[in-house]
Protein chains: 4
Amino acid sequence: MSTPHSRRGNTRQRIQDVALGLFSEQGYEKTSLREIAEELEVTKAALYYHFKTKEDIVISLFEDLRGPIDELITWAEAQPRTLATKQEVIRRYGASLRDAEPLFRFMQENQATVRDLAIGNTFKERMHTLFGLLREPDAELTDQVRCLTALFSIHAGMFAMQNLEGDPEEKRKAILEVATELVTAANPPNRRPARPDSAQTVSP
Amino acid sequence: MSTPHSRRGNTRQRIQDVALGLFSEQGYEKTSLREIAEELEVTKAALYYHFKTKEDIVISLFEDLRGPIDELITWAEAQPRTLATKQEVIRRYGASLRDAEPLFRFMQENQATVRDLAIGNTFKERMHTLFGLLREPDAELTDQVRCLTALFSIHAGMFAMQNLEGDPEEKRKAILEVATELVTAANPPNRRPARPDSAQTVSP
Amino acid sequence: MSTPHSRRGNTRQRIQDVALGLFSEQGYEKTSLREIAEELEVTKAALYYHFKTKEDIVISLFEDLRGPIDELITWAEAQPRTLATKQEVIRRYGASLRDAEPLFRFMQENQATVRDLAIGNTFKERMHTLFGLLREPDAELTDQVRCLTALFSIHAGMFAMQNLEGDPEEKRKAILEVATELVTAANPPNRRPARPDSAQTVSP
Amino acid sequence: MSTPHSRRGNTRQRIQDVALGLFSEQGYEKTSLREIAEELEVTKAALYYHFKTKEDIVISLFEDLRGPIDELITWAEAQPRTLATKQEVIRRYGASLRDAEPLFRFMQENQATVRDLAIGNTFKERMHTLFGLLREPDAELTDQVRCLTALFSIHAGMFAMQNLEGDPEEKRKAILEVATELVTAANPPNRRPARPDSAQTVSP
DNA sequence: AATGAATGAGGGTTCATTCAT
DNA sequence: AATGAATGAACCCTCATTCAT
C-alpha cells in the first residue's frame, strides 16, 4: 500500500497536499522544497518532474479555487443586482472559503509573497470584481467600507476565530450573518433616505 | 544634509526607516540585509553594529508601537466598561494605526513570518486583550464576531482601500465609522432585545 | 510526412540531426538531453533507447566523418609524397569539411569539451596524421607552420568568414586557394635554396 | 605566509589565477566554482564576495586583455595605412598573445561558451576591427582570406604547436613570420598585378 | 519503440552572521 | 562607528541516467 510502487499515479496530488499544508503552516518562503520532498519521502528532483518551479506548485493550488469563484462571479453577473443577490453572493463565497480553508489561510498570511506571485494579481482582480458586485458605485463611502468589511470578515474571520471557543460551524454561521448584515446595511431598500442614523458624513 | 558627516549619530534610525520601508514593500523574507545596507550606502556589518540580528530590527520597529497600544489598554482598563469607552477604544486604536501605517501593513502582509517572530505573539496577545475590552464574554457569537470584525476592518481596511478613489482621511473616517457601528451593535444598551433588525444600530 | 507514423524507424537519425544542430549552435554542455527530446517531441528516455549516453550521440556523429577522412589518409599514404599529392589532400580535405560543416563547427567551438570526449583524441590523431602527410619532417619550422596554418585555415575559415559578404562557394574556393598556396610554399621544388630570406632557424 | 591571514588582500587575484588555469585546462562549463574554491581553500561564498557571478570572473579576466588590444587598435588607426604598419600590427598582436596565452587558449577552446558571454561579442568586434586594419576592403577575396588566416594562425598556432617539438620562442617567431608573409602577400605594393605567383612573398 | 516516474549528484547563487581591524 | 573578508548552511533548480511498464 505504501511501497514506492503503490504510490504511483498520485504523487502530484500528494505534493500539492503536503505543500499546501506546509505553506499555510510555515509560510511560503520558509517552506523549502527539501522539506516538502522529505515529508513525501521522495527527492527534490521528483518535485520538479511534476512542477516546473516552486511557484508552479502554488499556482496549481490556486487553480482549484479559480473555478468555484469564477462560477460565483458568472452567476452573480447574470442575476438582477438586488440585495437578495448580494446576500446570496456572500453566502456562496463563504461556502467556497470553507472548502478551501488552508489555501485562504495561506493567502491571508502570505500576502506579501502572494502579491508578486503573478497568480496574486489574478486573485486580487477576482476580489475586486466581487467587491464590485456588492457595492453600488455611487454609494456613500461608509457603504463601500461596509461591503469591503463584509468580504474581509469572511476571509479573516475564519482564521482569527480559530482561537475562540465554540463550534466551528456555528462560528462560520455567525460570521456569515454579520457579513450579510453589513451588505444589507450598505444597500438600503429605498436608496434615497440614506440611513437617517448613519454617520454625520453627508447631508444637513 | 545627506553627506556622510551629517548622518552621524542617526544611523540606527535610518536603518529602521529603510528596513520598515522595504519590509512592508517586499516582505520580510524577501528583503535581505544586503538590500537594506545598499540603500543606506553602508556595509552589512554596519547593521550588525546597531542590531544583533535581522529579527532584532523588526523587534525594534514593533517597540515604537508597543507604547501607544499599552497605554490604550491601560487607559481602557481604568475606564468603566461602557459602550462609550469601547467606542473611544476604537477611535484611539484607529489613531495609533494611522501613525504606524507601514508597520501595520508589514504585519498584515507578513503574518506567517510575524507569527514565529516572538514579538508576534506579544502582539497577538495585545490584540486579544483589545478584543477582550470590546466584547462581552457572555454575549452571543454574532456579537463577538462584530467586535472582531471591527478590529480587523481597521487593520485591513487601511490597505485594502488604497486602491479605492477618495481622500485618504475621509476613507479613514468611514472605516472608523463602520467599526464604531459594529461595536455599538455588539453592545446593545438593554442587552435583551438582541437586535433582529440589526444595522439600524442606534435608535432610542 | 512528419506525422508520428511517418517518423517510424528514423528516430535515431532524427536524434542525430537535432543533436548536431543544437550542439553546434549552443555548445555541447549547454545543450541538455531534455532540449533535444523536446525538439523531437519525444521523451528523454526515448533517446536512451537509441543511445547509451549523451557522449554516445556525439560519438555517432563523429563516425560519419571518420570514413571519409580515413579514406583520404589511406589514399594519400598510397600516393607518392609529391607536392601534387599534398595539394590534392588539401582539396579533398576541404571537400570533406563542406559536407560536414556543422560537425566541424561543433569541434571548432567546443574544443575543450571534445578534448576529453575520447573520440576527441581519435580526431586529434587523424589531424596529426594529415599534418604528417603535408609537412616534411626535416623542413624548417616556418614550413611546418605553413602546413599547420593551411589545415587550420580550412577549419577556422569556414566559420570566421560567415560574417563576410560574398558567395559561400567563392569564399570556399578562396580559402582552398590560400591553403594550397601555403602548402606549396612549404614544399619548395628543389628543397635546397630554402627561401633565402626566411628565418635564421637552420642554416649550415 | 600562507596562514589565512597573510592571504588577505590578494584573494581576488588568486581567484583569477586559479579560475583562468582551470577554465583553460578543463573548459568553462566543466569547471565548477566549488572546484575553484577548493583549490584556493576558501568557500564558494568567498568567491561571491569578490565576483558577482561566475561570468563576472571571466569578464574580469578579459579586462586584462582589453587594454593592450585597444591600445594596439588606437595606435594602428593613427598610423598611415601602409604595409609596414600592418606588419607591425601582426608583430604587436603576437606579443599581446604571448602575455595572455592561457586566456587565449581559453577563448580558443571555449568559443561556444564565450560566444554568449556578452564579453564575447566585445572581443569579436575587436577582432573584426583588427581584421579591418589589415585588409583592403576592395581587395580580392583571396587577399581577405590571407589576412584572416594571418590573424587565426597567431591564435591557433600557439596551441596547436604545443605538441610539436622545438623551442617555444622559436615556434612563436616562425608563426609570426608566416603571419607576416600572409599579410604582406595580401597587400601587394603596386596593387595591379594581383600576384599569380604569390607566396614567394618578398623578392628584391 | 518509447514512456512515466524517479533518482543522486551537483550546479550557481544568496543568506544571515562573524570577527579582526 | 563601521569595514573588508569570509563562512556555513541552505536555497532553487537542472542534469544525465535508470527502469519498470
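The chains referred to below are lettered A, B, ... by the order of the sequence lines, with proteins before strands, and numbering in each begins at 1.
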For the pair made of [atom1] in [X] and [atom2] in [N], what is the distance, rounded to whole Å?
X: A:I36; N: F:dC13; atom1: CD1; atom2: P; result: 11 Å
X: B:I15; N: F:dA2; atom1: CD1; atom2: C1'; result: 10 Å
X: A:L47; N: E:dA5; atom1: CG; atom2: P; result: 14 Å
X: A:D56; N: F:dT14; atom1: CG; atom2: C1'; result: 15 Å
X: D:N10; N: F:dA6; atom1: CG; atom2: P; result: 9 Å
X: C:E41; N: E:dT3; atom1: CD; atom2: C1'; result: 15 Å
X: D:R14; N: F:dA5; atom1: CZ; atom2: C1'; result: 13 Å

What does the B/S/- profile of nucleotides 8-13 of chain E look like, 5' to 3', with a 4.0 Å heavy-atom cutoff to protein? B-BSBB
Can you see whether B:N121 engages B:E125 through a side-chain donor-acceptor pair at a distance of less than 3.5 angstrom?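 Not at all, the side chains of B:N121 and B:E125 share no donor-acceptor pair under 3.5 Å.
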Between B:S24 and B:E109, is any side-chain donor less than 3.5 angstrom from a side-chain acceptor?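 No - no donor-acceptor pair under 3.5 Å links their side chains.
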In plain terms, say whether B:E101 and B:R105 are close enough for a salt bridge, that is, a side-chain N and a carboxylate O under 4.0 Å apart.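 Between B:R105 and B:E101 there is no salt bridge, as every charged N stays at least 4.0 Å from the carboxylate O atoms.
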Watson-Crick or G-U wobble mate for F:dA1, both contacts under 3.5 Å: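 Per the H-bond distance test, none.
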If pairing requires Watson-Crick or G-U wobble contacts with both distances under 3.5 Å, which nucleotide is the partner of F:dC12?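 Partner of F:dC12: E:dG11.
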For A:Y49 and E:dA5, is the shortest distance between a side-chain N/O and OP1 or OP2 below 4.0 Å?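 Checking E:dA5 against A:Y49, a side-chain N or O does come within under 4.0 Å of OP1 or OP2.
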Taking only side-chain nitrogens and oxygens of A:H50, does any of them come within less than 4.0 Å of OP1 or OP2 of E:dA6?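 Looking at the OP1 and OP2 atoms of E:dA6, one of them is under 4.0 Å from a side-chain N or O of A:H50.
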Is the Lys NZ or Arg CZ of C:K54 less than 6.0 Å from the centre of C:Y28's six-membered ring, within 45° of the axis?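 The answer is yes; both the distance and angle limits are met.
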What's the separation between atom CD in D:E25 and atom CG in D:L20, rounded to the nearest 0.5 Å?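 Reported value, rounded in 0.5 Å steps: 10.0 Å.
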Quick check: do B:F23 and B:I36 have side-chain heavy atoms less than 4.5 Å from each other?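 Yes, at least one pair of side-chain atoms sits under 4.5 Å.
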Give the minimum heavy-atom separation between C:L61 and C:L103, together with the two atoms involved.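 So the minimum-distance heavy-atom pair works out to O-CD2, 3.5 Å.
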